[in-house]
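As a basis for the values below, the full set of heavy atoms in this structure was taken, side chains included, without hydrogen atoms, waters or symmetry mates. When a ligand or atom number is given, it counts from 1 through the structure's own listing order. From a predicted model like this one, the values you see are computed outputs, not experimental measurements.
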Amino acid sequence: MGEWLEVTVAEKIRWNDGLYSLRFQAPLPAFKAGQFARVGLDVDGERIARPYSLVNAPDEALHEIHFNVVPDGPLSPRLARLEAGDALFVHSSVTGTMTMERTPAHRHLWLFATGTALGAFLSILKTNAPWDRAERVVLCHSVRRATDLTYGETIRRLKARHGDQIDFVPVVTREAHPGALRERIPALLASGEIERHIGLALSPEDAHVMLCGNSDMIEAVQQVLEPRGLRRHRRREPGHITVEKYH
Ligand SMILES: Cc1cc2nc3c(=O)[nH]c(=O)nc-3n(C[C@H](O)[C@H](O)[C@H](O)COP(=O)(O)OP(=O)(O)OC[C@H]3O[C@@H](n4cnc5c(N)ncnc54)[C@H](O)[C@@H]3O)c2cc1C
């Protein structure tokens, strides 16, 4: 159900050669923070569309997507070439299960993103729900290069607003970067380094974990956490881990 809407790019952010965000106004129906929309372009008479998480909170006027260029991909290089004023299509059916509404009670919310998956968590963190429900929120953003650490200003604003309730843990895997951890997320969890770093234990009694982005990271983290008593959360079988795989 739903329909394609033709919208106009209001703003483009170029973070580096391979990382972009686009903002656009669209009459999308009410959605939940953490959900994704399908965005598309017409190429040689055919609509090519892919899912993208919305970075904006549901009550923000402009919708926003954050994406990296997959060099041989049919859509992402073309999205990266759009400029303010250009047209794109967005489908009116916004969907996805990685939302606070579907998250069981927890004291500590752990959010692990690779690359552009940060955007889904920023949408969630701009709403009140995580702050009303969790005593501590851990946001871990893993990227290859320091220049891929996007949305620094948004994260600084969250930190200024929520103080010690939030721990932001940047991870840069391919170069040393001040303040960032260096290992991949599954290794940081297996060694306990990330828990030592912020002084918080990740336990099945207290934690809900959201994993978003690269499926290798998502699978590997689950392999680390399952023996510790954390399992996938499903509607009919409550658990501790919610996932959204991008690729
Ligand atoms: C639920 C969902 C939400 C998504 N949200 C986002 C988002 O917010 N931001 C975003 O950048 N992408 C997101 N993606 C991926 C996105 O839909 C596209 O697949 C991606 O932008 C590449 O599109 P493409 O047409 O250029 O190449 P595709 O034909 O889609 O993919 C080409 C190849 O690249 C791989 N690939 C796909 N995405 C990536 C990536 N991000 N990095 C590296 N390799 C990739 C694919 O597995 C495939 O092998 C999401 C995917 C899903 C399923």
Does any N or O of ligand 1 fall below 3.5 Å from an N or O anywhere on [X], backbone included?
{"X": "L75", "result": "yes"}
{"X": "F36", "result": "no"}
{"X": "K245", "result": "no"}

Around [atom], find the nearest protein heavy atom and jot down its residue, atom name and distance.
{"atom": "atom 20 (C) of ligand 1", "result": "Y52 OH, 3.7 Å"}
{"atom": "atom 8 (O) of ligand 1", "result": "S53 N, 3.0 Å"}
{"atom": "atom 31 (O) of ligand 1", "result": "V70 CG1, 4.6 Å"}
{"atom": "atom 9 (N) of ligand 1", "result": "H66 O, 2.9 Å"}
{"atom": "atom 30 (O) of ligand 1", "result": "R50 NE, 2.8 Å"}
{"atom": "atom 47 (O) of ligand 1", "result": "H247 CB, 3.4 Å"}
{"atom": "atom 42 (N) of ligand 1", "result": "N68 ND2, 2.9 Å"}
{"atom": "atom 6 (C) of ligand 1", "result": "Y246 CE2, 3.3 Å"}

task = Check the angle between the aromatic planes of H91 and W4 and answer parallel, tilted or perpendicular using the 30° and 60° thresholds.
result = perpendicular
inquiry  = Set out, in order, the CA-CA distance, both residues' side-chain angles and the distance that settles side chain to side chain donor-acceptor pair (under 3.5 Å) for W15 and S21, then state yes or no.
reply    = CA-CA 8 Å; W15 302 96; S21 298; 2.9 Å; yes
task = Compare all side-chain heavy atoms of F31 with those of N56 and state whether any distance is below 4.5 angstrom.
result = yes
message = Below 4.0 angstrom, counting only protein heavy atoms, does anything approach atom 49 (O) of ligand 1?
response = no
task = For I65 and ligand 1, answer yes if some heavy atom of the residue is under 4.0 Å from a ligand atom, otherwise no.
result = no
inquiry  = Heavy-atom contact check, 4.0 Å cutoff: does G119 meet ligand 1?
reply    = no
inquiry  = For the aromatic rings, using the six-membered ring if either is Trp, is the centroid distance between H162 and W131 under 6.0 Å?
reply    = yes
Ring centers of Y52, H66 separated by less than 6.0 Å = no
ask   = Taking atom CH2 of W110 and atom CD1 of I194, what is their separation to the nearest 0.5 Å?
value = 6.5 Å
inquiry  = Return the CG to CG distance between L230 and L202, rounded to the nearest 0.5 Å.
reply    = 6.0 Å
task = Could you point out which residue of T150, N68, D148 forms a side chain to side chain donor-acceptor pair (under 3.5 Å) with N16?
result = D148
request  = For L118 and A113, work out which heavy atoms get closest and say how close.
outcome  = N-CB, 3.5 Å
note = Here the atoms of ligand 1 under 4.0 Å from any heavy atom belonging to T116 are 9 (N), 10 (C), 11 (O)
request  = Identify, by atom number and element, the atoms of ligand 1 in contact range of E244, meaning under 4.0 Å from any of its heavy atoms.
outcome  = 1 (C)
request  = Would you kindly check if the NZ (Lys) or CZ (Arg) of R47 is within the cone defined by 45 degrees around the ring axis of F89 and under 6.0 Å from the six-membered ring centre?
outcome  = yes
